[in-house]
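So that the names make sense, note that chain A is the first sequence line, chain B the second, and so on, each numbered from 1.
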Number of protein chains: 2
Amino acid sequence: MAVTIKDVAKRAGVNPSTVSRAIRNHATISDKTKEKVKKAMQELGYRQNSAAQMLASGKAGAIGVIFPPVENKSDQPFFMKILTSINEEARDKKITVAIASAHSNEALLSQVQVMYQEKRVDGFIMLYTAQDDAVRDYLLSDKIPFVVIGTPSDRANEITSVDNDNHLLGAEAVQYLVSLGHKKLAFVTNTELGEVYQERYFGFYEKARSLGLTPSLVNSEKKLTIRDVTGLVIMDDILAIKVIQELSEQGISVPDQVSVISFNNSFFASLIHPYLTTFDINVVQLGHRSVQKLAHLLDYPDDFREKVTVPFELKVRESTKAV
Amino acid sequence: MAVTIKDVAKRAGVNPSTVSRAIRNHATISDKTKEKVKKAMQELGYRQNSAAQMLASGKAGAIGVIFPPVENKSDQPFFMKILTSINEEARDKKITVAIASAHSNEALLSQVQVMYQEKRVDGFIMLYTAQDDAVRDYLLSDKIPFVVIGTPSDRANEITSVDNDNHLLGAEAVQYLVSLGHKKLAFVTNTELGEVYQERYFGFYEKARSLGLTPSLVNSEKKLTIRDVTGLVIMDDILAIKVIQELSEQGISVPDQVSVISFNNSFFASLIHPYLTTFDINVVQLGHRSVQKLAHLLDYPDDFREKVTVPFELKVRESTKAV
DNA sequence: CTGAAAGCGCTTACAG
DNA sequence: CTGAAAGCGCTTACAG
């Protein structure tokens, strides 16, 4: 039999309720008693029974991390990285992390519902955003605490979110290329959907225009033609690698003829030469902050929703060069 | 207030204990009663309270997935993939998946201990193997049910494990290259540690010798010189990409002058040309089988430990060519 | 500042 | 085949 709060109480010569209060560091318990209890706990090797605690308190002490309902999560190092940093922060707060992940929207929704209704978790961190997402709508309509990592495409004022400033990211990319002397710039993307694209591209576009340039937009799904452009801002590292290879096949060398700057600073950035000049989006902070925000929401469910912005950092490597 | 087993009992006109038995599909409950209970449950939207169930039954209904105590988990698509497939199978079995992940051995061990001692999980799946690993030793000495994905380097007979046949994998790589007419083969690795390397290399070596060849071993940490070799077997996709790039810088073209075959069939295999000929190690099956094995162990803790082997499949792409 | 008691929502011998 | 009761190990008003 595991040692319970009763055993500790007996050993410390107090009532079980006092032990409970001492453990939770109640202000009303005297320091002397807390000491006695702590000592007894250590001597007996006491450990809370989470089930009992959950049942009595109505709190799970756990949060769920919701992955996007897509097949290829493993292609993006982002997900493992963010999961690791979420887990790190959660551990410090004595919160357990559980996983919700499925291939379809329906399966994902049902998993999230079950987790919550069975009281296995107190709230969620969503790792994706999507228009009219059923999971998000469920969380919202049932007033379940959650935070999203990323920028909600709608109902943003009802949602607490943690993200980089993607607009600024786009602008800073322009800034850096211009500082290297580049004047003909293009933004390369393989998708024109989503907040991330929107923000990064508009940041890029507006900054370039404000500097008197006439930037262009290239969709990499079509044949890649860059004419006299010398500075490329590319949606993410993976796409950057592919674009660099395609340019190389066209006899165009990066960075000698064209400079490339991308986003994420993932593992791909230092996989093959030229190593990428890319923005580190600070995934560790994204994870930590999201846990902090969720923990806060759990304690104060009626607080205002808010948007948290995490700083980024440019990593200069081999894919950019002054003209 | 959420609806409880009592509410269901009242509605169905039976005792709460009967509802409990009906839910768990006890053989002693009549079909008629089960029907009544099921109907009442649906009408009321009943959902089990996991905390109460855990407390009363002593079972957590959850398993922990233990990640290796390293920084760069996110570089390997394997981890996200295996986590997804574990979660998939667990969901089907109504098991929740929780995460244990840390940067140091000590932190990881303590997280695992807390999870188990607080009864948050019933057992674990370890995603790595290492000699004299403290986590594994703890699980073993406290007789905690667990399965490892991979091949234990020692105490293998005390551990249930799920893995590919790495020895066969090495041999099959030789087989395929030889079938294309290659006779001068080399095995390329960046580590000479670990079961995976050992098995794959010995499989490679023995097969090559048995075919009358004199294979060589190349450590990619040193300068890459392959002389007259035309067939390369490379430890994993990432290393293969790097080696191909290095060869290309030396003016050696893959697959025209040298064929390359690697392992894992990760995202990297189809990232840039030449796309890799590589073995798919069937991560989905690895995940599913490990959950099945663990679930079995949970029910029959005294069953023999065993090793489960999951089949693999060769994916032929662009990096290999007949001589 | 602390104790005694009720209760959280299940499961599971025990009885019949 | 089903019911009544005890108990799992905590938390938290309520009292003092």
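In terms of position on DNA chain D, the residue among A:Gln53 and B:Ala56 whose nearest nucleotide sits closer to the 5' end is B:Ala56. In terms of position along DNA chain D, the nucleotide closest to B:Ile29 lies nearer the 5' end than the nucleotide closest to the other residue of the pair B:Ile29 and A:Ser20.
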>> Counting Watson-Crick and G-U wobble pairs with both distances under 3.5 Å, what is the dot-bracket string for DNA chain D, 5' to 3', using [ ] for crossing pairs and | for pairs to another strand?
In response: |||.||||||||.|||
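Distance from the side chain of B:Ser30 is smallest for D:dC1 among the nucleotides D:dC1, D:dA4, D:dT12. Of the listed nucleotides (D:dA5, C:dC1, D:dG9), D:dA5 has the atom at the smallest distance from the side chain of B:Ser17. The side chain of A:Asn15 approaches C:dA4 more closely than any other nucleotide in the set C:dA4, C:dT2, C:dT11. With D:dG3, C:dT2, C:dG9 as the candidates, the nucleotide lying closest to the side chain of A:Thr33 is C:dT2. Taking the side chain of B:Leu55 as heavy atoms from C-beta on, and the options D:dT12, D:dC10, D:dC8, the nearest nucleotide is D:dC8. Closest to the side chain of A:Asn49, from the set D:dT12, C:dG9, D:dG9, is D:dG9. Of all nucleotides listed (C:dC10, C:dG3, D:dG9), D:dG9 comes nearest to the side chain of A:Thr4.
Side-chain atoms of A:Thr18 never come within 3.5 Å of backbone atoms of A:Val14 as a donor-acceptor pair (strictly under, hydrogens ignored). At least one donor-acceptor pair under 3.5 Å links the side chain of A:Ser290 to the backbone N or O of A:Leu286. Side-chain N or O atoms of B:Asp163 include none that pairs as donor or acceptor with a backbone N or O of B:Thr309 at under 3.5 Å.
Nucleotide C:dG3 holds its C1' atom 13 Å from the NZ atom of A:Lys36, rounded to whole Å. Rounding to whole angstrom units, CD1 of residue A:Ile5 and C1' of C:dA5 are separated by 15 Å. Following rounding to the nearest Å, A:Ile23 (CD1) and D:dT11 (P) show an atom-to-atom distance of 6 Å. A straight line from CZ of A:Arg47 to C1' of D:dG9 spans 16 Å, rounded to a whole angstrom. Following rounding to the nearest Å, A:Gln117 (CD) and C:dG9 (P) show an atom-to-atom distance of 15 Å. One atom, NE2 of B:His26, and another, C1' of C:dT11, lie 9 Å apart when rounded to the nearest Å. The CE atom of B:Met54 sits 14 Å away from the P atom of C:dT12 (whole-angstrom rounding). Remark: C1' of D:dC10 and CZ of A:Arg24 are 9 Å apart, rounded to the nearest angstrom.
By the 4.5 Å heavy-atom criterion applied to side chains, A:Val112 and A:Leu139 are counted as neighbours. Here the side chains of A:Ile23 and A:Met41 are in contact, with some heavy-atom distance below 4.5 Å.
To the nearest 0.5 Å, atoms CZ (A:Arg136) and CD1 (A:Ile144) are separated by 13.5 Å.
Counting only N and O atoms by type, the side chains of A:Thr160 and A:Arg305 include no donor and acceptor under 3.5 Å apart. Judged by distance alone, the side chains of B:Ser20 and B:Ser17 never bring a donor and an acceptor atom under 3.5 Å apart.
As judged by a 4.0 angstrom heavy-atom cut-off over every strand, A:Arg21 is placed among the base-contacting residues.
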